[in-house]
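One structure is given here, and the rest of the page talks about it.
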Amino acid sequence: MAHDGIIYLDHSATSWPKPPEVVDAVVDALTRAGGNPHRGAHSLALAASRLILESRSSVAELLGVRDPRDVIFVPGCTYGLNLALKGVLRRGDRVVVSSVEHNAVTRPLARLAGSGVKVVTVDADSAGLVDADDVEAAVMSGATTAVVCQHASNVTGAIQPVGDLADIAHAAGAVLIVDGAQATGHMKLDLEALGADIYVASGHKGLLGPQGVGVLYIKPGLEVRELIQGGSGGQSENPAMPVERPDRYEAGTLPTPAIAGLGAAARLLAVEQERLIDEEQRLVRLLMEGLSKIPGLRILGPSLGVERAPVVSVVHDRIAADRIAYELDAKYKIAVRAGLHCAPWAHRTTDTLLTGAVRFGIGRGVSASDIDQALHAMSEICS
Ligand code: PMP
């Protein structure tokens, strides 16, 4: 379906258009519930607090988290990953990480490496898939505090064996930290069954919420230091942050409109998600089949038929990725993203560090006709 005449295939960057339920919830938070949540007892503040509570419960239910207090609202996935990595790792610790991580993981790790954390990288294969046996070998070759891996790649769409990685990490007394930015919303998730100790997600991608909020799940009982300190609305006489969740990790005024929108999105996904995932997977197959027939194109990531997140990236042997993206936009009003996608490690693994790639991100609202039009445009541009 085209919106405002645009065929939007950049869902891996952010989902668009946001469902009307999400837009309505944002407006409601800005108007009817415009007070500061958890601060004050007047009706506008209480209405805001209630929206936060409801959203936390809706997100927890969608993600299979029994106690909503284990769901922490953070400004975004990048913030949540920083909190997780810096809150778990200390000087002298060793961390095992895959070779396909996003800069939201690799840059905080580079900073931590500069302050005495040993970072051990495990190479994924050329399709971007991580082999659990390789991770196990790396974990067993030294005392390991944490294993860090994405659930799905924003470049190749590859889905990593995070359940196996949880078992491997736990057998070695380590914790598993998962970057779920590209999996959440696009896969049915039960975080407690999955076994990740920490799972971080963007609110604005597959979860269909507004920008400005992300989700951080921390397994009950796991001690993780908070990243920032400040007002929590309660226990103000205490010089330290409260130890209770989620307050410990949510210093400062929360982005109520974004959180309310995310809650509405979670309730919508609870109803729609199964159908949506089926549709996304059908469109991914359609797109991959079509792209594979265009001479000169190489599709990155797992081959057709292997489950992947709804992300399909391609490189052409002659035409630059940014040229293709520019033409798709300028001539066909098709929105995609070209470049390194903040993930140079993944591009090194797929041998596209010098070229980058054109990425098609599929999500809610994309139709088979959109894919047909994108394929038609690609065959004209690449001819
Ligand atoms: N990890 C991955 C795999 C991502 O694709 C992204 C977003 N591009 C992030 C982390 C960071 O998410 P955000 O920009 O929402 O903080």
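Order of listing sets the numbers, starting from 1, for every ligand and every atom in it.
Looking at K331 and E380, no side-chain N of the basic residue comes within less than 4.0 Å of a carboxylate O on the acidic one, giving no salt bridge. One finds a salt bridge joining R323 and E327 here, because a Lys/Arg side-chain nitrogen approaches an Asp/Glu carboxylate oxygen to under 4.0 Å.
Shown in contact with Q182 at under 4.0 Å from a heavy atom are these atoms of ligand 1, numbered in order with element: 3 (C), 4 (C), 5 (O). Short contacts between ligand 1 and H204, defined as distances under 4.0 Å to a heavy atom of the residue, involve ligand atoms 15 (O). Close contacts between ligand 1 and A181 involve ligand atoms 1 (N), 2 (C), 4 (C), 6 (C), 9 (C), 10 (C) [criterion: under 4.0 Å to a heavy atom].
Pairs engaging residues 142-181 under the ring pair (Phe, Tyr, Trp, His ring centres under 6.0 Å) rule: H151-Y199 [sequence neighbours left out].
For the side-chain hydrogen bond (donor to acceptor under 3.5 Å, both in side chains) criterion with R364, the lone passing option out of E280, E279, E272, Q273 is E272.
Taking CD of Q235 as the start and CG of D247 as the end, the distance is 7.5 Å to the nearest 0.5 Å. Note that CG of L83 and CD1 of I198 are 8.0 Å apart. Values are rounded to the nearest 0.5 Å. Here CG of D370 is found 11.5 Å from CD1 of I6. Values are rounded to the nearest 0.5 Å.
Polar contact with ligand 1: absent for S12 (N/O pair, distance under 3.5 Å). Residue-to-ligand polar distances place S202 within reach of ligand 1: an N/O pair is separated by less than 3.5 Å.
The residue from K205, Q150, R337 that puts a heavy atom closest to atom 8 (N) of ligand 1 is K205.
Counting only N and O atoms by type, the side chains of T106 and N103 include a donor and acceptor under 3.5 Å apart.
Looking only at heavy atoms of the protein, atom 3 (C) of ligand 1 is closest to D179 OD2, 3.4 Å. The protein atom (non-hydrogen) at minimum distance from atom 4 (C) of ligand 1 is H102 CD2, 3.3 Å.
Ligand 1 is never approached by E101 to a heavy-atom distance shorter than 4.0 Å.
At a heavy-atom distance under 4.0 Å, only side-chain atoms of A104, from C-beta outward, approach ligand 1. Under 4.0 angstrom from ligand 1, the non-hydrogen atoms of T78 come from both its backbone and its side chain. Contact annotation for H341 and ligand 1: no heavy atom of the residue comes within less than 4.0 Å of the ligand.
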